[in-house]
Every structure is written in structure tokens, then in C-alpha cells.
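We use all heavy atoms of the structure for the numbers below, so side chains are in, but hydrogens, waters and symmetry mates are not.
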Amino acid sequence: MEVENSAKLGEPKDEALQNLVTALNKAAGYAKWDVVSVPDSELQPVADQDFISNAIIYQPKQVTQVGQAQALGSEAVAGGAFENARTPLAATFTSTKGGGKHGAAPTTVVVNHFKSKGSAPRTGPNRDSGDGQGAWNAARVAQASAVVDWIPELTKAAGSEDVAVLGDFNSYAQEDPMQEFYGAGYTQATEDDYTYVFGGQVGSLDHLLVSPSLKKRMTGADAGTSTPASPRCCSTASTAPPRSTITWRTRSLPPITTRTSRVSGRAKSSLHSTADDAAAALLASVAAALLNVGGPVR
């Protein structure tokens, strides 16, 4: 998810994120959620950081964080792939309860937010070439490539090839940046579904990708909407895009649901379930997509 970067505002680090978790726990009536704290050594200097940052929260009753969180801060400085986008974060988890066919196998979640399609430069490789992919496509390709190159470092540290890569890629499913992941063996958790409606047209800029080993643990995936999409002729400025769900299952386990909605022009996502298998519990409890607090999405 994305939250205010409190450190950039001169406030205590993760203050906004902690406030969010405190409110969630108050609503739940117990300490249901906890924060994944990213060491400063993993991040670029505060002066190079944005006012909005990626973040991960999780449910300790379901999963246990393994080791420290990591960030691709080395690519978020001037000249790096993420100098104009949110710094990718990663954390590895095992099931707190263990059990399941795969026991407590570690699963790593990598959270992203790539450069938007707007504010097009007039010249250079990131101009809008008119091919339908919008501006900054070259930047998003570089960002995807940087994440793909980073993942082996994460899996080596985790001792597991099970990886879920998710977030707002600002790229539709067949655009160039997504091809970087497909070429590396990652696949969409669900195919031919949409999580976004704009101007009567549907698509997905937000994705959940899984590694080949994690794919083997899936039994199915689907997406559905809770409100109907308005046809182009009838859409209005006040018509909000529908909330969508992606359900991800592991063998003999309850579903995991990723919900994405638009609230006051901002994206909002969460992940939750009651599964007790490591991978299922992980994706069930880690809210790590597009909850935007206090800042623009694109």
C-alpha cells in the first residue's frame, strides 16, 4: 500500500503508518495488524525520498515476518530506475500456525508502484509515442527490469523461490513492462479480468504476479465486481469504478481476496482471509497494494 512518508515531512518515521495500524486495531478490538519496518540502511537518503511511500502491514496471528524487510533504495536515487517512482519494498513471511501441505515455507512479497502515464515529456524515450501505452513507458520497463533483477537476491535470503509481486504497475496486462515479468517466468494470478474502469473502458493497472513455484500451489483464481460498470454513454463524473476482487486459493484452503476500489479518486486495496497455509496466510494478511493515504495515486 502507499502512505504518507512521515520522515519526509520531518515527523517520526512511519508515524502515518502507525496511526493507520492503531486505528485498524482499535476497530478490530485487538492487535490484529502490525507494521513491517524497513531499515534506513535499505532506503535512499530522506532528501531523495518522495512524500508518499510504499508500505506493508500484516496480521501476526496469521503470518510471522522472517528476517528484515528490504527495499530497492539503490535504484531510487538520481539515475536509478526508481528515481521517479515509489521505492519497491519486500518482506518474507511464514505461516504463524504452520501446517498445510507446504508447512511453513517462506513466501516473499514484493510491493511496487511504477511511474504513471501522465505528465508526458515532449521528447526522448519517455514521450507518449502514440502506441497506447502512454508516457514514461521506457521508465516503467526499466523499473520492471530492476525488480526482476532484484528478486534473486530476495529469494536467496529467504531460502525459497515462492514470490508474489504486486502493486500498481501503471501498465495494462500486455504492455511492455509486464512482459519483463512474463519473460522471467511470472504469471498473472488471474487472467483476462479487470480491476479498473475509466470512461466506460475496463482494464488492470494493478496486478498480482506469482513465481512458478508459487503458481504450483494455486488451485484457481478469479475476479469479480461488486458494482456494475457503466457504459460509456451513461457514465458520469460521479460514477465510481467498481470494486474488484481477486480470489487466490491453495490446495484445500479458504480463498484469499484482494479488493481494489476507488475512494474519492484514490485507489484502496486490502488482502485478507482465514487460510493457515504459509502462502495463503501470507497473502491473506499482508495489506500491500494500493491504499493511498493523503496523496495522489497517479
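Residues Q143 and N84 have side chains that bring a donor and an acceptor to within less than 3.5 angstrom of each other. With hydrogens and angles left out, the side-chain atoms of T64 and T96 include a donor and acceptor closer than 3.5 Å. Residues E180 and Y186 have side chains that never bring a donor and an acceptor to within less than 3.5 angstrom of each other. Checked by atom type, the side-chain pair S6/E4 shows a donor-acceptor distance below 3.5 Å. Between the side chains of Q44 and T87, at least one donor N or O lies within less than 3.5 Å of an accepting N or O. Using a 3.5 Å distance cut-off with no hydrogens or angles, the side chains of E175 and N137 do not pair a donor with an acceptor. When only modelled atom types and interatomic distance are considered, N170 and S116 share no side-chain donor-acceptor pair under 3.5 Å.
Closest approach of A69 and V36 over heavy atoms only: CB-CG1, 3.4 Å. In this structure, A71 and W150 approach most closely via the heavy-atom pair C-CZ2, 3.6 Å. Considering every non-hydrogen atom in both P177 and R140, the closest pair reads CG-CB, 3.5 Å.
Remark: R217 engages D162 in a salt bridge, criterion side-chain N to carboxylate O under 4.0 Å. Note on D50 versus R86: salt bridge recorded, some NZ/NE/NH1/NH2 to OD/OE distance being below 4.0 Å. Taking the charged nitrogens against the carboxylate oxygens, K13 and D40 do have a contact shorter than 4.0 Å, which makes a salt bridge.
Ring planes of F169 and F181: perpendicular class, angle over 60° (limits at 30 and 60°).
By the 4.5 Å heavy-atom criterion applied to side chains, P88 and F82 are counted as neighbours.
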